[in-house]
Amino acid sequence: QVQVVESGGDLVQAGGSLRLSCTASGLTFGDYSWAWFRQAPGERREGVACSSRLPGAPPYAASVKDRFTISRDNSGNTVYLNMNNLKPGDTATYYCAAAPYGLCTAAWRSEDRYKYWGHGTQVTVSS
């Protein structure tokens with residue numbers, strides 16, 4: 001049985017930093033591309049960043065580029081999202097998702113690509 005579990009969400013002041021973790025089991029972690037999505041109250045879920053199984057520059061949403069960094073540890077079955085200079089607009093539930101395609105293509109934001117999802121971790125940024 002596949003399990004995907006996010007952690008690291010918290011309440012933080014604007015300008016602060018957080019590191020989210022997503023650990024998976026029951027699958028061959030390195031075969032998948034992994035992405036972070038987020039959903040704010042009343043908003044649609046949006047793609048934040050994606051990590052391919054091969055080295056390369058990860059794609060990011062324009063709103064987080066140069067502030068967030070996605071990374072992965074295949075041996076530890078974990079993908080991370082380092083978030084710096086957080087803004088109130090970053091407040092959302094953050095989800096981790098796995099796609100059975102090794103690369104983050106131009107369609108990486110499409111939720112239909114992702115086979116496994118976690119239940120999310122809450123990030124709240126106060127002004």
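Computed over heavy atoms, backbone and side chain alike; hydrogens, waters and symmetry mates excluded.
- Not a single side chain to side chain donor-acceptor pair (under 3.5 Å) links Asn85 to another residue, sequence neighbours left out.
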Query - side chain to side chain donor-acceptor pair (under 3.5 Å) between Gln122 and Thr93, intermediate numbers included - result: CA-CA 4 Å; Gln122 179 65 37; Thr93 301; 2.9 Å; yes
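- Take Thr91 and apply the side chain to side chain donor-acceptor pair (under 3.5 Å) test, not counting sequence neighbours, and it matches no residue.
- Within the structure, the salt bridge (charged side-chain N to carboxylate O under 4.0 Å, His left out) test picks out no pair touching residues 117-127 (sequence neighbours left out).
- Formation of a donor-acceptor pair under 3.5 Å by the Thr28 side chain with backbone atoms of Gly30 is not found in this model.
- Rounded to the nearest 0.5 angstrom, Asn82 CG and Tyr80 OH are separated by 9.5 Å.
- Applying the disulfide (SG to SG under 2.5 Å) test to every pair with at least one member in residues 24-58, sequence neighbours left out, gives these pairs: Cys50-Cys104.
- Legend: residues meeting side chain to side chain donor-acceptor pair (under 3.5 Å) with Ser17, ordered by chain and number and at least two apart, are Asn84.
- Smallest separation of non-hydrogen atoms from Thr78 and Ser21: CG2-CB, 4.3 Å.
- Distance alone, capped at 3.5 Å, places no donor-acceptor pair between the Arg45 side chain and the Glu111 backbone.
- Legend: residues meeting ring-ring contact (aromatic ring centres under 6.0 Å, His included) with Phe37, ordered by chain and number and at least two apart, are Tyr114, Trp117.
- When the salt bridge (Lys or Arg N to Asp or Glu O under 4.0 Å) test is applied to Arg67, the partners found at least two apart in sequence or on another chain are Asp90.
- With Glu6 contributing its side chain and Gly120 its backbone, the two residues share a donor-acceptor pair below 3.5 Å.
- Contact check for Ser33 versus Arg113: side-chain heavy atoms found under the 4.5 Å cut-off.
- Residues passing the side chain to side chain contact (heavy atoms under 4.5 Å, CB included) test with Ser63 are Arg38, Ala61, sequence neighbours excluded.
- Connectivity analysis of hydrophobic side chains (ILVMFWY, heavy atoms under 4.5 Å, direct or indirect) links Tyr60 to Val2, Val4, Val12, Leu18, Leu20, Leu27, Phe29, Tyr32, Trp34, Trp36, Val48, Val64, Phe68, Ile70, Val79, Leu81, Met83, Leu86, Tyr94, Tyr116, Val123, Val125.
- Applying the disulfide (SG to SG under 2.5 Å) definition to pairs two or more places apart or across chains, those involving residues 15-47 are Cys22-Cys96.
- Under the rule for a side chain to side chain donor-acceptor pair (under 3.5 Å), the partners of Ser75 that lie at least two apart in sequence or sit in another chain are Asp73.
- Remark: Arg53 pairs with no residue by the salt bridge (Lys or Arg N to Asp or Glu O under 4.0 Å) rule, at least two apart or across chains.
- Listed for the Thr124 side chain is no donor-acceptor partner under 3.5 Å among the backbone atoms of Leu11.
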